[in-house]
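Written below as structure tokens is the structure these notes are about.
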Amino acid sequence: MGSGVTNSLADLAGNNLGGLLGAAGAIALDAFTYLVCAFCLLTVRHRQPKRRPRPAGSSQWTEIREGLDSTPQTPVVRSIVL
């Protein structure tokens with residue numbers, strides 16, 4: 001499905017659920033979805049590798065250059081930047 005179809009379905013469902021549940025029910029449902037999201041985030045078990053300590057006296061420009069050098073090597077960041 002295209003994003004236009006998805007957005008239309010979300011608008012349709014959101015408006016109908018809002019009318020069906022009322023304001024208090026819609027707020028309660030919204031709070032419930034935040035709890036579900038928090039639970040899902042807490043179940044993520046991926047560990048980040050430990051960062052190397054920075055040598056004393058390193059400059060911000062060095063860190064900026066390192067970040068720019070690593071951007072093309074990281075697929076997720078590369079797709080966002082491009």
Side-chain angles (χ1 to χ4, degrees):
M1 277 196 287
S3 66
V5 174
T6 305
N7 286 337
S8 296
L9 287 174
D11 287 341
L12 180 67
N15 291 335
N16 289 332
L17 279 175
L20 180 69
L21 298 175
I27 292 172
L29 182 63
D30 191 37
F32 175 73
T33 60
Y34 276 103
L35 291 174
V36 170
C37 182
F39 173 76
C40 291
L41 287 174
L42 290 173
T43 61
V44 174
R45 298 287 180 226
H46 180 72
R47 298 279 183 210
Q48 293 280 343
K50 291 193 176 190
R51 294 175 48 180
R52 297 184 314 246
R54 293 265 173 224
S58 64
S59 70
Q60 287 181 332
W61 294 110
T62 304
E63 293 181 22
I64 291 171
R65 189 182 72 243
E66 288 174 2
L68 292 174
D69 289 342
S70 68
T71 298
Q73 300 168 2
T74 310
V76 174
V77 176
R78 180 178 57 229
S79 66
I80 291 171
V81 169
L82 294 178

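Values reported hereafter were calculated over all heavy atoms of this structure, with side chains retained and with hydrogens, waters and symmetry mates removed. Values in this document were obtained by computation on a predicted structure and should not be read as measured data.
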Other than W61, what residues sit in its cluster of Ile, Leu, Val, Met, Phe, Trp and Tyr side chains whose heavy atoms are under 4.5 Å apart, directly or through others?
->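 Same cluster as W61: I64, L68.
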key: side-chain hydrogen bond (donor to acceptor under 3.5 Å, both in side chains) partners for T62, two or more places apart   =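 Applying side-chain hydrogen bond (donor to acceptor under 3.5 Å, both in side chains) to T62 gives S59.
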Interatomic distance, OG1@T43 vs CZ@R45, rounded to 0.5 Å, equals 7.0 Å
For V76, the side chain to side chain contact (heavy atoms under 4.5 Å, CB included) test, sequence neighbours excluded, returns I80
